[in-house]
Amino acid sequence: MRSIASRMSVMSGEGALSVFARAKELEAQGRSIIHLELGEPDFHPGSSVVESVTKALAEGKDRYCAVAGLPALREEIAHYLQRTRNLDVSAANVVIAPGCKAALFFAMMVLLEPGDEVLYPDPGFPGYPSITLGLGAVPVPFELSSRNHFQPDLTEITAKITRRARMLITNSPGNPTGTVYTDAVQRGLAELAVKHDLWVLSDEIYARIIYGGEYLSMLSYSGMKERTLIIDGFSKSFAMTGWRLGYTVAPPEVAPALALMAINTYTCVAEFTQYAAIDALRDREGTTPRMVAEFARRREQFVHDLNKSPGFRCEPPEGAFYAWVDIRGTGSSAEEVCRILLDDAGVAAIPGAAFGPSGKHFVRFSFASSVENLREAAARIMKVSAAWQRTLVAT
Ligand SMILES: Cc1ncc(COP(=O)(O)O)c(C=O)c1O
């Protein structure tokens, strides 16, 4: 009997993409929808990045190229991490991948054996448990709770580390909560990783999108150099989601294994996009700081407006571009709130359980949308909130 491999039955999709599909259906029927479901900046890369890609194509830079990525791009990433994160990284340790998701998948495939336990944040990026399960490993969630300001709880994590624990995934700033892990928490996580000899997969895709303070990478803590892999890329910080460009910074013995994964799968990342990525990193036009300043403005306004909606409670996120709203005060489930928002108000948002069981009383809104859209969304939410206020009065 022909069948699909059993690993596919344990992997999962993404809530954001299914809400997006439903929202698109409604749009096709003529409804006005404000899309706050996808984690996609509503900006585009600076004009010099677009000029670089055009120039590279005109010069015939569309061939198979270096498996681990263009040496010039890997050098530029090393400089960039020195400049923006104060990290001392060698270009030899950088491997370019077609997006952060691919970088995550390959890093986990290279490091995990079936049965290994992977500690990861809940709520968190849905790929962490899905990829873990797909590789026959065991996801072990640690909670990011509102009681703890969505910071990882070191006591809980310590209690969950067993002899099978092999990897700790961190994500600061985090999707969906926007939490920037404190120095003390990261130091504690680093100590646990050293004590229990864990790999650390530090997903730093939102590192540039923070609203104050200086970014601290997991790689900068004592004992981390030999066990930490940074996953980062161009989708969020450089508004290049569709370019499919990411990278891993790995210890010297891991980088060749990642290159071997490249040989066996994507061969190399499109050469012309890599030339443009060099330009994006240099950011001579200041595109990233301008975009982040705009996100900061929207965050102020949108979080303020959401907190005026009956039953909604939202702490301003410290990073990324998501409002993570506690909806317990509505008396309805997050699924029901999202259904009302989409069907009655034309506002697309994601029920928090899409990011793990600890997200079940929350809804995630992306504020990577124009100020006008966000104002209009808040007004529409206010209007339909009567639906759950009625339920509350009735019960
Ligand atoms: C935490 C996190 N990691 C990884 C990714 C994947 O990024 P990419 O578009 O580079 O594959 C995302 C995208 O939403 C994300 O939020």
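Atoms within each ligand, like the ligands themselves, are counted from 1 in listed order.
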S.K.: Residue by residue, ordered by chain and number, which ones reach under 4.0 Å of ligand 1 with a heavy atom?
M.R.: Gly99, Cys100, Lys101, Phe125, Tyr128, Asn171, Asn175, Asp203, Ile205, Tyr206, Ser235, Lys236, Arg244
S.K.: Aromatic contact between Phe106 and Tyr266, with the criterion being ring centroids under 6.0 Å apart: yes or no?
M.R.: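 They qualify: ring centres under 6.0 Å apart.
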S.K.: Any side-chain hydrogen bond (donor to acceptor under 3.5 Å, both in side chains) involving residues 136-148? Give me the pairs, sequence neighbours left out, ordered by first then second residue.
M.R.: none
S.K.: Got a sec, which hydrophobics cluster with Tyr215, joining ILVMFWY side chains under 4.5 Å apart, including via others?
M.R.: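 ILVMFWY cluster around Tyr215 also holds Val180, Ile210.
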S.K.: List the atom of Ala378, the atom of Asp305, and the distance in Å for their closest heavy-atom pair.
M.R.: CB-CB, 3.6 Å
S.K.: For Pro139, run the side chain to side chain contact (heavy atoms under 4.5 Å, CB included) check against Ile169, Ile131, Leu133, Leu119 and tell me which one passes.
M.R.: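 Running side chain to side chain contact (heavy atoms under 4.5 Å, CB included) over Ile169, Ile131, Leu133, Leu119 with Pro139 returns exactly one hit, Leu133.
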S.K.: Test: side-chain hydrogen bond (donor to acceptor under 3.5 Å, both in side chains). Region: residues 243-256. Which pairs qualify, not counting sequence neighbours?
M.R.: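 As it turns out, the side-chain hydrogen bond (donor to acceptor under 3.5 Å, both in side chains) pairs with a partner in residues 243-256, which skip direct neighbours, are Asp232-Tyr247.
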